[in-house]
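Each chain gets a letter, A, B and so on, in the order the sequences are listed, and its residues count up from 1.
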Protein chains: 2
Amino acid sequence: MTSPGLPPPPFNLSDLIDRNRPRFRTATEFVEAAMREAILSGVLPGGLPLRQEELAAAFGVSRMPVREALRQLEARALVEFHPHRGAVVVEISAQDAADISAIRAALEPAALRLSLPHLTADDLALAADLIAEMDAEADPGRMGELNRRFHMTLYARAGRPRLLALTEQHLAAADRYLRFQFAALGHHPRSQDEHNALLAACRDGDTNRACTLVTRHILAAEELLTRFLTVRAAHSG
Amino acid sequence: MTSPGLPPPPFNLSDLIDRNRPRFRTATEFVEAAMREAILSGVLPGGLPLRQEELAAAFGVSRMPVREALRQLEARALVEFHPHRGAVVVEISAQDAADISAIRAALEPAALRLSLPHLTADDLALAADLIAEMDAEADPGRMGELNRRFHMTLYARAGRPRLLALTEQHLAAADRYLRFQFAALGHHPRSQDEHNALLAACRDGDTNRACTLVTRHILAAEELLTRFLTVRAAHSG
DNA sequence: CTTGGATAAATTGGATCCAATATCCACGCA
DNA sequence: TGCGTGGATATTGGATCCAATTTATCCAAG
């Protein structure tokens, strides 16, 4: 697959590739989605220089779809371009984590407030299932996915496509951090309690309470994360 | 400039081009910025198909930087790609306006809350100047720019780059709509009253009141806009 | 031994070329 | 006359090629 003369790249995308290739209609779409996943899930760590030729070889395409994908990821603040020096995966940092949390804390209560009155019994049942699945899940990657789906299920009826897309985007961005925390500290049981309380408030139709709970949930996660990242930075720096 | 055999494109970008060209280091950056401006300011109206060849000729570059720019604009929800059929400027609609307003109403109070305690006397003076400039301004385009700068001045000390970038992006997106309203209804004096009240609350350091005022300010603009767009759609549809 | 500069290698940015796909229109047939 | 089929045309998607810029290397001079 990879060109014979090149040294092996410092990442492994092989499983992402073959599995998803047929789902997309253009190579650019495919590369963009795969790289987004890879960055958010930590396969491509922050600071990694992204050589176009290398990625093209890994994906089995030419440099062009890679370049277009990188431009899209730039607009999503997942990679940075340095003119004539190439693209780099954006670094994670305590400040950036706080930044993303602030955005989540602004968007998610707004989405929930719009969505909650229109939630169906099916939605609530699905949310409950997702909590249960999270209880049983050990893999950090799957865990982030389930958490994301739980939250988005509660917001889904907001009827605001842009708001929902932004919310999902920043939930995914937060995953990049939560994954660290989860790997280091293990699953935090308080988070599940918060999920249950939130779901209960939604069942009761208590919008104000539910919004307060998501806000607290997000800020609690942020505080834990900030502390974790700060000591981590102190150790390595 | 334009190739001799082609029919003239249905838009005019010439003033944007020469003026800004030297500021950018790569053609892609330049094209992206110019097209973003052109879409947000209404020069490229919603629904317009964006022919790559045509744009390339207009900008005096090849199709490739145009393609990269279009991909970035896609990620910012300013254009839509239809595989093998090309890109189109996203349509405006009452729903989309409401969507953007909901996002603004979530983000801006959050940014203001973080920023307000750190606002300096200079910041407040600048904000006051911008209100005065708006009073004297007649051009809708300049008006949107001043409005944007006024708001961003108040949020600037939030110390959250991502949050601020998102906020500015959606303020700009809202301009696309406010411009319509302004052109049709003329300048709405209540908006200036709201700006003054907001600035006063900031001067007093009354965070809660200031946040309430921005929220109301955004929702008031949204209501007016929704009504305007709805009757407009009824007339033309 | 360090430092400066020239030169070579690597990599990106941009242009051109080719292939794949969609649209449009004419034509034939029911 | 209406509809479906088929080919021509236009336009995008992808690959390759060339130029411009940056980074690395090496040698010489202080």
Side-chain angles (χ1 to χ4, degrees), chain A residues 1-11 17 20-35 44 47-75 79-90, chain B residues 1-11 17 20-35 44 47-75 79-90:
Chain A
M1 219 32 90
T2 312
S3 302
L6 292 176
F11 45 80
I17 293 174
N20 293 316
R21 183 69 169 99
R23 293 208 298 120
F24 298 97
R25 289 196 291 171
T26 68
T28 300
E29 270 180 45
F30 160 61
V31 172
E32 194 271 339
M35 288 192 62
L44 300 175
L48 181 73
L50 297 169
R51 302 267 158 262
Q52 297 175 0
E53 196 90 39
E54 208 166 76
L55 291 167
F59 286 111
V61 299
S62 81
R63 270 177 56 212
M64 163 137 348
V66 171
R67 279 165 66 175
E68 287 190 352
L70 287 173
R71 288 294 179 184
Q72 287 180 291
L73 297 169
E74 183 195 22
V79 311
E80 284 175 1
F81 268 79
H82 301 277
H84 293 278
R85 297 195 307 156
V88 178
V89 179
V90 293
Chain B
M1 217 34 89
T2 313
S3 304
L6 292 177
F11 46 79
I17 293 174
N20 292 316
R21 183 69 169 98
R23 293 207 298 120
F24 298 96
R25 291 201 288 166
T26 69
T28 300
E29 269 180 45
F30 160 61
V31 173
E32 194 272 338
M35 287 191 63
L44 300 175
L48 183 74
L50 298 169
R51 301 266 156 264
Q52 296 175 1
E53 196 89 40
E54 208 166 75
L55 291 167
F59 285 111
V61 298
S62 80
R63 271 177 56 211
M64 163 137 348
V66 172
R67 280 165 66 175
E68 286 190 352
L70 286 173
R71 287 296 179 184
Q72 287 179 290
L73 297 170
E74 184 195 20
V79 310
E80 285 175 0
F81 268 79
H82 301 279
H84 294 278
R85 297 195 307 157
V88 178
V89 180
V90 293

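Note on the helix from C:dC1-D:dG30 to C:dA30-D:dT1: terminal axis deviation equals 10°, with five pairs used at each end and the result rounded to 10°.
In this structure A:Glu68 satisfies the side chain to side chain donor-acceptor pair (under 3.5 Å) test together with A:Thr28, B:Arg67, B:Arg71, sequence neighbours excluded. Scored by the salt bridge (charged side-chain N to carboxylate O under 4.0 Å, His left out) test, A:Arg63 finds no partners at all (sequence neighbours excluded). Partners of A:Val89 according to the side-chain contact (heavy atoms from CB on, under 4.5 Å) rule, which considers only residues two or more places apart in sequence or in another chain, are A:Ile39, A:Leu44, A:Leu48, A:Leu50, A:Arg176.
By the 30° and 60° cut-offs, the orientation of the rings of B:Phe24 relative to B:Phe30 is tilted.
Inspection of the B:Gln72 and A:Gln72 side chains reveals no N or O donor paired with an N or O acceptor under 3.5 Å.
Following rounding to the nearest Å, B:Phe59 (CZ) and C:dG14 (C1') show an atom-to-atom distance of 16 Å. Whole-Å rounding puts the B:Met64 CE to D:dT16 P distance at 13 Å.
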Grab the N/O contacts between the protein and nucleotides 9-13 of chain D below 3.5 Å, and write none if there aren't any.
| unit_1 | atom_1 | unit_2 | atom_2 | d |
| --- | --- | --- | --- | --- |
| D:dT12 | OP1 | B:Arg51 | NH1 | 3.2 |
| D:dT12 | OP1 | B:Gln52 | N | 3.4 |
| D:dG13 | OP2 | B:Gln52 | NE2 | 3.3 |
| D:dG13 | N7 | B:Arg63 | NH2 | 3.0 |

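To the nearest 0.5 angstrom, A:Met35 atom CE is 5.0 Å from A:Leu70 atom CG.
For the residue pair B:His82 and B:Val88, the shortest heavy atom distance occurs at CD2-CG2, 4.1 Å.
Pairs engaging residues 79-90 of chain A under the salt bridge (Lys or Arg N to Asp or Glu O under 4.0 Å) rule: none recorded [sequence neighbours left out].
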